[in-house]
Amino acid sequence: MRAVAVAHPNVALIKYWGKRARAGNLPATGSLSLVLGGLTTTTSVRFEPGRRGDLVLLDGREDPETSARVTACLDLLRREASVTHGASVESRNDFPTGAGLASSASGFAALVTAGAAALGLSLPAPRLAEIARTGSGSAPRSLQGGLVLLTNRESTTVCEQVATPADWPLEVVIAVTTTGPKAISSREGMARSAQTSPYYDQWVSTHGHDLSAALAAVRDRDFPVLAELAEHNCLKMHAVMQTTRPPLLYWQPATLACLHRIRALRDAGLPVFFTVDAGPQVKAVCLPGAAPEVARELSRLEGVRQVLQSPVGEGARVSAAGD
Ligand code: DP6
């Protein structure tokens with residue numbers, strides 16, 4: 001009753017920010033993402049007959065909020081398998097944890113993949129995605145590889161791979177900037193934005209256009225059009241965040257320095273665009289070949305602590321099973 005799974009974080013090019021309803025963690029909008037194959041989460045799940053409750057260690061530490069979300073996900077898997085055994089879960093990231101690099105997406109994708117395998121369940125992909133979504137809205141996107149589209153259905157979501165890593169071998173340079181004070185979690189931030197930002201309704205109502213235009217750009221492999229749309233959608237999300245009360249100001253000075261440098265590099269002819277999630281780190285998406293120069297340029301900026309490079313990666317998968 002044990003299995004180990006690996007999964008990679010993903011970065012959204014067209015973002016998810018806001019929920020339809022708390023129950024089931026349904027997003028208000030669809031999203032389009034790219035899996036970061038260079039960063040990996042490895043999670044082992046062992047169900048132990050007779051054990052009460054779950055023990056959850058994230059990089060060797062217990063965290064009550066994460067543990068509660070993990071248990072809620074495992075409860076759904078236990079229900080599918082008609083068992084009540086508690087589990088011990090150990091999850092490790094090979095990238096800086098808590099640095100806003102979407103570890104919850106890779107974490108919950110690896111968790112449900114390992115958990116289902118440990119219980120001998122072969123659930124249909126949409127059901128596994130639904131269970132992963134209850135842990136983190138961005139997690140279903142890490143179950144599949146390449147570029148992934150998540151769209152809303154009436155009372156659920158659907159995930160679809162729109163390009164494999166080989167179809168469009170983009171590269172991502174990640175600038176880890178000054179971390180600053182601990183950011184507000186996405187979950188808390190989204191709830192606040194929906195209640196208080198005067199731009200939240202426009203964010204939701206204009207989102208469908210961004211998503212379908214970006215999808216067409218991916219299908220046409222039209223990098224300049226995707227670059228313009230992804231930067232626009234990212235800045236629109238941050239406009240909502242920044243006009244939330246109290247404001248969600250995730251950027252640090254080095255974040256802004258990276259955005260300016262990336263725009264200057266593009267103006268000089270380099271195929272690169274930026275995106276930023278709920279934290280101060282910057283992801284620079286590049287056409288093949290441009291990443292080394294982008295990495296060199298970003299690492300020279302004041303406040304950039306570390307620069308990571310990642311190809312587009314595969315979806316979550318079982319790496320070991322059995323006792
Ligand atoms: C800014 O998936 O972390 O990265 O569903 O509440 O766990 P919860 O939120 P989460 O939010 C991700 C927000 C984002 C944009 C994105 O990845 O689409």
Side-chain angles (χ1 to χ4, degrees), residues 7-36 39 41 58 63 65-70 72-73 93 97-112 129-144 147-152 156-157 159 172 174 182-195 197 200 203-204 207 210-211 214-215 229-242 244 248-251 255 274-283 285:
H8 309 292
N10 66 74
V11 58
L13 308 181
I14 300 295
K15 311 283 190 190
Y16 143 52
W17 191 254
K19 299 178 198 289
R20 276 186 277 168
R22 284 272 179 154
N25 200 29
L26 287 161
T29 61
S31 51
L32 175 69
S33 68
L34 178 162
V35 171
L36 297 170
L39 316 183
T41 299
L58 234 185
D63 166 62
E65 207 226 302
T66 308
S67 298
R69 279 161 77 174
V70 166
C73 252
N93 295 325
T97 303
L101 294 176
S103 55
S104 68
S106 51
F108 282 100
L111 176 80
V112 300
E130 220 166 34
I131 295 174
R133 192 195 64 224
T134 64
S136 184
S138 51
R141 301 186 314 225
S142 280
L143 289 172
Q144 311 210 12
L147 278 87
V148 178
L149 173 71
L150 186 149
T151 45
N152 282 337
T156 189
T157 52
C159 254
V172 183
I174 301 154
K182 191 173 160 39
I184 306 291
S185 74
S186 296
R187 196 152 292 201
E188 175 57 32
M190 286 181 200
R192 267 201 218 170
S193 291
Q195 280 162 12
S197 170
Y200 180 77
W203 158 254
V204 174
H207 201 276
D210 293 357
L211 193 58
L215 190 59
L229 283 161
E231 289 189 354
H232 168 71
N233 187 265
C234 165
L235 294 174
K236 196 160 51 173
M237 177 182 76
H238 282 273
V240 171
M241 291 166 160
Q242 290 169 13
T244 292
L248 302 166
L249 202 48
Y250 288 113
W251 296 356
T255 312
F274 65 73
T275 190
V276 185
D277 287 320
Q281 324 310 355
V282 176
K283 286 103 181 179
V285 182

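In this text, all values refer to a predicted model and were calculated from it rather than measured experimentally. Whatever order the structure lists ligands and atoms in, that order sets their numbers, starting from 1. Heavy atoms only: backbone and side chains are in, while hydrogens, waters and symmetry mates are out. Throughout, residue positions are numbered sequentially from 1 according to the sequence presented.
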Please list, in number order, the atoms of ligand 1 under 4.0 Å from a heavy atom of [X].
| X | answer |
| --- | --- |
| M190 | 9 (O), 11 (O), 13 (C) |
| G137 | 2 (O), 5 (O), 7 (O), 8 (P) |
| S136 | 2 (O), 3 (O), 5 (O), 7 (O), 10 (P) |
| R187 | 5 (O), 6 (O), 7 (O), 8 (P) |
| A12 | 16 (C), 17 (O), 18 (O) |

Would you indicate which of S138, S186, A191 comes nearest to atom 2 (O) of ligand 1 when only heavy atoms are counted?
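Minimum heavy-atom distance to atom 2 (O) of ligand 1 goes to S138.
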For atom 1 (C) of ligand 1, which candidate among A278, P27, C234 holds the nearest heavy atom?
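Shortest heavy-atom distance from atom 1 (C) of ligand 1: A278.
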[atom1]/[X] to [atom2]/[Y] distance, rounded to the nearest 0.5 angstrom?
| X | Y | atom1 | atom2 | answer |
| --- | --- | --- | --- | --- |
| S193 | I184 | OG | CD1 | 10.5 Å |
| S185 | L248 | OG | CG | 9.5 Å |
| F108 | S142 | CZ | OG | 12.0 Å |
| R141 | T157 | CZ | OG1 | 10.5 Å |
| H207 | Y16 | NE2 | OH | 11.5 Å |

How does [X] reach ligand 1, if at all, at less than 4.0 Å between non-hydrogen atoms: by side chain, backbone, both, or neither?
| X | answer |
| --- | --- |
| K19 | side chain |
| H238 | neither |
| R141 | side chain |
| N25 | side chain |

N25 and side-chain hydrogen bond (donor to acceptor under 3.5 Å, both in side chains): which partner among R133, R69, K19?
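Testing each of R133, R69, K19 against N25, the sole residue satisfying side-chain hydrogen bond (donor to acceptor under 3.5 Å, both in side chains) is K19.
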Within a strict 4.5 Å, meaning less than it, do heavy atoms of the [X] and [Y] side chains meet?
| X | Y | answer |
| --- | --- | --- |
| M241 | W251 | no |
| N233 | L32 | no |
| L147 | L13 | yes |

Below 3.5 angstrom, do we get any N/O pair linking W17 and ligand 1?
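By distance alone, the answer is no.
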Could you tell me if any non-hydrogen atom of S104 lies under 4.0 Å from any atom of ligand 1?
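Yes; S104 lies near enough to ligand 1 that a heavy-atom distance drops under 4.0 Å.
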List the closest protein heavy-atom neighbour of atom 7 (O) of ligand 1: residue, atom name, distance to the nearest 0.1 Å.
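Among all protein heavy atoms, the one nearest atom 7 (O) of ligand 1 is R69 NH2, 2.9 Å.
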What residue and heavy atom of the protein are closest to atom 15 (C) of ligand 1, and at what distance?
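Sorting protein heavy atoms by distance from atom 15 (C) of ligand 1 puts Y16 O, 3.3 Å first.
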So, applying side-chain contact (heavy atoms from CB on, under 4.5 Å) with P9, which one of L39, I174, D277 is it?
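The passing option is L39.
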